[in-house]
Amino acid sequence: MQVLTLDMPDFEDHALRLARMVEEDAPGRFDAIVAVRRGGSYVCDAFCRYFPKDLYGTRYDVALQRPSTRHKKGWLGNILKRLPVALLDVMRMAESVMLSCRRKTRSVSPSAYVEIPADLKSLLQGLRNPSILIIDDAIDSGDTLSALSGTLTGTNPGAIIRIAVMTLTTSCPRIGADYALYRNRTLIRFPWSNDYKKR
């Protein structure tokens, strides 16, 4: 396990690599791209600057977030910015280990509900086998992306879902990625991360 810090030029380079990976493998035009706010929206912004316009349809942004992520804002976020990078790296690795352990002992609630935009729902209901690309920054436990994917296929069982992320951070997430730059539990500190520090 390692922690990789990306400044904005590094991030743009990674987004270009991810876009090329999808472009080389994509079965054709996507009917829609769904970006998971907040990190997935940043990845999607950069991604779409490089991805051929004729290969993706309308973009939709949806809000999904682990409860633990909400706690990293406010006063805790201010504390994180003051800690040394080495300690922040250890904290990130510990969180990743805890997520992996919790994933093994916990089942997903069937009542998990994700609200998707009405126009995305209409698009899904109006096409026979819509091809959807979900973009996020990372897959940790996989719970949020699993819930989103389930909601999309619940709206249209014929939907073809592809997932693109920068990294998979745990060894056995609930859902994997079709496209990922890192599959070796690399933890990425993005420019928008609560514990990001300029080098």
Side-chain angles (χ1 to χ4, degrees), residues 11-67 69-70 103 107-170 173-183 188 190-193:
F11 165 68
E12 291 283 335
D13 178 63
H14 277 66
L16 174 58
R17 287 170 48 207
L18 185 62
R20 285 181 178 152
M21 184 183 291
V22 174
E23 181 184 4
E24 288 170 8
D25 185 65
R29 182 182 183 275
F30 290 103
D31 295 301
I33 287 185
V34 177
V36 179
R37 289 192 191 116
R38 162 174 173 228
S41 294
Y42 291 124
V43 175
C44 193
D45 290 343
F47 189 95
C48 290
R49 283 195 283 278
Y50 306 113
F51 204 58
K53 301 287 187 214
D54 62 336
L55 284 185
Y56 67 88
T58 308
R59 171 182 169 170
Y60 302 90
D61 288 71
V62 296
L64 302 171
Q65 195 173 72
R66 285 194 323 263
T69 304
R70 286 193 291 270
R103 161 70 181 91
S107 62
V108 171
S109 166
S111 63
Y113 178 75
V114 177
E115 187 172 343
I116 59 174
D119 47 351
L120 174 56
K121 191 178 243 184
S122 294
L123 180 138
L124 286 165
Q125 292 169 338
L127 296 173
R128 185 180 194 128
N129 296 92
S131 181
I132 310 295
L133 179 66
I134 298 174
I135 298 179
D136 203 356
D137 54 358
I139 293 179
D140 298 316
S141 67
D143 288 349
T144 54
L145 283 181
S146 180
L148 174 58
S149 179
T151 300
L152 296 175
T153 55
T155 304
N156 183 335
I160 300 162
I161 309 293
R162 300 276 187 270
I163 298 173
V165 298
M166 294 280 192
T167 186
L168 281 81
T169 67
T170 55
R174 192 166 303 284
I175 193 168
D178 299 284
Y179 313 103
L181 295 179
Y182 299 97
R183 294 181 183 272
I188 299 179
F190 294 99
W192 57 86
S193 297

May I have the list of side-chain donor-acceptor pairs in residues 152-159 shorter than 3.5 Å, sequence neighbours left out?
{"residue": "T153", "atom": "OG1", "partner": "S149", "partner atom": "O", "Å": "3.0"}
{"residue": "T153", "atom": "OG1", "partner": "G150", "partner atom": "O", "Å": "3.3"}
{"residue": "T155", "atom": "OG1", "partner": "T151", "partner atom": "O", "Å": "2.9"}
{"residue": "N156", "atom": "OD1", "partner": "G158", "partner atom": "N", "Å": "2.8"}
{"residue": "N156", "atom": "ND2", "partner": "L124", "partner atom": "O", "Å": "2.6"}
{"residue": "N156", "atom": "ND2", "partner": "L127", "partner atom": "O", "Å": "2.8"}

State, to 0.1 Å, how close [X] and [Y] come at their nearest heavy-atom pair, and which atoms those are.
X	Y	answer
G39	D136	C-OD1, 4.3 Å
I161	D178	O-OD2, 3.9 Å
C48	I33	SG-CD1, 4.1 Å
S41	R37	OG-CG, 3.4 Å
A15	M166	N-CE, 3.6 Å
G142	I175	O-CG2, 3.5 Å

### Salt bridge flag under 4.0 Å for residues D45 and R59
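R59 and D45: salt-bridged.
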
### Task
Measure from the ring center of H14 to the ring center of F190 and say whether it is less than 6.0 Å.
no

Working to the nearest 0.5 angstrom, can you tell me the gap between [X] [atom1] and [Y] [atom2]?
X	Y	atom1	atom2	result
L120	Q125	CG	CD	9.5 Å
I116	L148	CD1	CG	8.0 Å
L16	R49	CG	CZ	10.5 Å
I134	L145	CD1	CG	6.0 Å
L181	T167	CG	OG1	8.0 Å
I160	N129	CD1	CG	5.0 Å

#### Entry: Check: P117 and V62 side chains under 4.5 Å, non-hydrogen atoms
yes

### Query
Can you find a heavy atom in the side chain of T58 that is under 4.5 Å from one in the side chain of D119?
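Of all side-chain heavy-atom pairs linking D119 with T58, none is under 4.5 Å.
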
### Task
Using the side-chain contact (heavy atoms from CB on, under 4.5 Å) rule, pick out the option among I188, L168, V165 that qualifies with Y182.
I188

### Task
Could you please spell out the steps behind the side chain to side chain contact (heavy atoms under 4.5 Å, CB included) verdict for L133 and V22?
CA-CA 10 Å; L133 179 66; V22 174; 4.3 Å; yes

### Query
Considering residues, nucleotides and ligands other than R20, do more than 12 of their heavy atoms fall under 6.0 Å from its CZ?
no

### Message
Against F11, only a single residue in F47, Y42, W192 fulfils ring pair (Phe, Tyr, Trp, His ring centres under 6.0 Å); can you say which?
### Response
W192

